[in-house]
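Residue numbers start from 1 in every chain, and the chains themselves are labelled A, B, ... in the order their sequence lines are given, proteins ahead of strands.
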Amino acid sequence: MDSARKLAAGGRCRGGGSRIKDIGAALGNVEALPNQRSRFAAFAFLLQRCANSKALCDGRLIHAHLTRHNYDTSTYLANWVVKMYGDCGSLAEARAVVDCLPNANAYSWNILIKAYCKNGLCRQAVECFYKMQRCGIAPTHVSFVSVLEACASMAALEEGKLIHAAAVKAGYEGHVVVGTALLNLYGKCGSLEDARIVFRQMPNRDVVTWSAMITACAQNGHGKEALEWYNRMEENGIRANQFTFVSALDACASLAALEQGQKIHTSVVLYGYERQAIVGTALVHMYGKCRRLEDARRVFDQLHQRDVVCWGAMITACAQNGHGKEALNLFSRMQSDGFKANHITYASALDACASLAALEKGQELHASIVDSGLEGETGIGNALVDMYGKCGNLKDARTVFSRMRHRDLVSWNAMIGACAQNGHGEEALDFFHQMRSKGVKPDHLTFLSILTACKHVGWMMQRT
DNA sequence: GTAGGGTTAG
């Protein structure tokens, strides 16, 4: 409300452009409508338009109008105001409306919970779920679905299990959407066995349920099982959609299962999804992992619209299949097409430099990374250490590594590998000991580098 | 006369 007053007084208001030509005139027109029912419908329509176009300023003006003209006793209109603030990303204002609402209902709270979820404020979403109950409002199936989504985003398994029990108690166990939300929760928490149990116990399953099951397997390293579910879904006569295809293709990529991937590609074309960005990206990714660069490129070239993610998939496919030069060309083309590189595309481009031992280009990328403020990303640090190591510049590899705020297994492997590849065996062993003392568990790549390093050390010891 | 579940690149 304050903001609306500020605006009326000429204050600046940021937060999205207006899509309603003249909000004052529009409100006047609504007031001229003959009955309350039509006025309510018209206010709801205007608020919905503000929500869709993220026109926060106009939304505030409508909210101010509703308060001034005593419409704020209507929970129905207030709920639309909450939705508008939520969709415009102004959670504090959305929350304030619900908190001041004398007759908040389940819609009010559910809209707020969903708004917190959408804006990544999952903890607040869960708190709202409990708060509504303290206010005497029983959660509906929609409340459960949204709060489970929040738990899934946070990978909050224990919290999710408590809410699962509450959903059963409330009688929503057999609800297909609640069941799918539960399945997704367990998948996202890495608890595949729980996901399977939920799936098996569901009395009704639709394409979303099946897709969630395929995703849960694919994202938990069970690609083969994901494809089994995909085939079983077809046998059950459920028609796959873009979500299903993307998850199944992801499973093919992780298994490098070309034949199955090609079969899915045929279905994708048949159903007309091939040129969609997300499906196309999944196809590019699958062909890249199956070392079929030409097929990846064919799909990429036919995409109707490309975003930074498709570009990233295509650049990675080139970089990982020995076509570093092409990867760097695509990286430049992506930028000249107006897409800003992010930490992932930079990492792929650095990968390409590493494979080409193109130090100068790598240094150029390093400078752009610093300019765009992405130097602190762990993935970028890892790629830089690796690039400098492979380009024979151990000094800069060390510098980047020493400046990294957070180091994971990949970082240590890159640093140890850089030492080993450049004949600094003892330094590699030294980093290996440091890594162990920090509690980072080595993997097969670490040991491969250590073997290389030991070869060098052994060779040196023989000479002395 | 409002609110709900599943998908892309390192």
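For A/Trp109 and A/Phe129, the ring centers are positioned 6.0 Å apart or more.
Nucleic acid contact class of A/Val284 (heavy atoms, under 4.0 Å, all strands): none. Residue-level contact check: A/Val207 touches the bases, meaning some heavy atom is under 4.0 Å from a base atom. Contact annotation for A/Thr75: no contact, since no heavy-atom pair falls under 4.0 Å across all strands. Contacts of A/Val145 with the nucleic acid, taken as non-hydrogen atoms under 4.0 Å apart, involve only primed sugar atoms and P, OP1 or OP2. Here A/Asn382 lies out of heavy-atom contact (under 4.0 Å) with every strand. Here A/Glu149 lies in heavy-atom contact (under 4.0 Å) with sugar-phosphate atoms only. At the heavy-atom level, A/Gln276 lies nowhere under 4.0 Å from the strands shown. A/Ser143 comes within 4.0 angstrom of no nucleic acid atom, judged by non-hydrogen atoms across all strands. Base engagement by A/Val176 is indicated by at least one non-hydrogen atom pair under 4.0 Å involving a base atom.
Regarding contacts with the backbone of B/dG6, a side-chain N or O of A/Asn184 is found under 4.0 angstrom from either OP1 or OP2. Between A/Lys289 and the phosphate of B/dT8, there is no side-chain N or O to OP1/OP2 separation shorter than 4.0 Å. Remark: A/Gln305 is not in phosphate contact with B/dT8, judged by side-chain N or O atoms under 4.0 Å from OP1 or OP2. For B/dG10, the OP1/OP2 oxygens have a side-chain nitrogen or oxygen of A/His285 closer than 4.0 Å. Dashed line: the shortest gap from a side-chain N or O of A/Lys114 to OP1 or OP2 of B/dG5 is under 4.0 Å.
Comparing B/dG6, B/dG10, B/dA3 against the side chain of A/Tyr107 picks out B/dA3 as the nearest. Checking B/dG6, B/dA9, B/dT8 against the side-chain heavy atoms of A/Gln219 singles out B/dT8 as nearest. Nearest to the side-chain atoms of A/Ile344 among the listed nucleotides B/dG6, B/dG10, B/dT7 stands B/dG10. Closest to the A/Asn241 side chain, of the nucleotides B/dG10, B/dG5, B/dG6, is B/dG6. With distances taken from any side-chain atom of A/Ser348 to the nucleotides B/dA3, B/dG10, B/dT7, the minimum falls on B/dG10. Of the candidates B/dG4, B/dG6, B/dG10, B/dG6 carries the atom nearest the A/Thr244 side chain, counting heavy atoms from C-beta on.
With hydrogens and angles ignored, a donor-acceptor pair under 3.5 angstrom links the side chain of A/Asn342 to the base of B/dA9. One cannot find a donor-acceptor pair under 3.5 Å joining the base of B/dG5 and the side-chain atoms of A/Ser146. Counting distance only, with no hydrogens placed and no angle test, the side-chain atoms of A/Asp206 and the base atoms of B/dG5 include a donor-acceptor pair under 3.5 Å.
Heavy atoms of other residues, nucleotides or ligands lying less than 6.0 angstrom from CD of A/Glu193 number more than 12.
Going from atom CE of A/Met334 over to atom P of B/dT8 covers 20 Å, rounded to whole Å. Rounding to whole angstrom units, CD1 of residue A/Ile264 and P of B/dT7 are separated by 16 Å. We find that CZ of A/Phe129 is positioned 20 Å from P of B/dA3, with the value rounded to whole Å. Straight-line distance from the CG atom of A/Leu112 to the P atom of B/dT2: 19 Å, rounded to whole Å. The nearest whole Å value for the distance from the NZ atom in A/Lys83 to the C1' atom in B/dG4 is 12 Å. Put simply, CG on A/Asn110 is 14 Å from C1' on B/dG5, counting in whole angstrom units. Between the CG atom of A/Asn105 and the P atom of B/dT2 there is a distance of 12 Å, given to the nearest Å. Regarding A/Met286, its CE atom lies at a distance of 13 Å from the C1' atom of B/dT8, rounded to whole Å.
Classification of the A/Phe339-A/Trp311 ring pair by plane angle, with boundaries at 30° and 60°, yields tilted. Between A/Trp210 and A/Phe199, the ring-plane angle classifies as perpendicular under the 30° and 60° cut-offs. Ring planes of A/His69 and A/His65: parallel class, angle under 30° (limits at 30 and 60°).
Atom CE of A/Met202 is separated from atom CZ of A/Arg200 by 13.5 Å, given to the nearest 0.5 angstrom.
Neither side chain, A/Asp351 nor A/Ser348, offers a donor N or O lying under 3.5 Å from an acceptor on the other.
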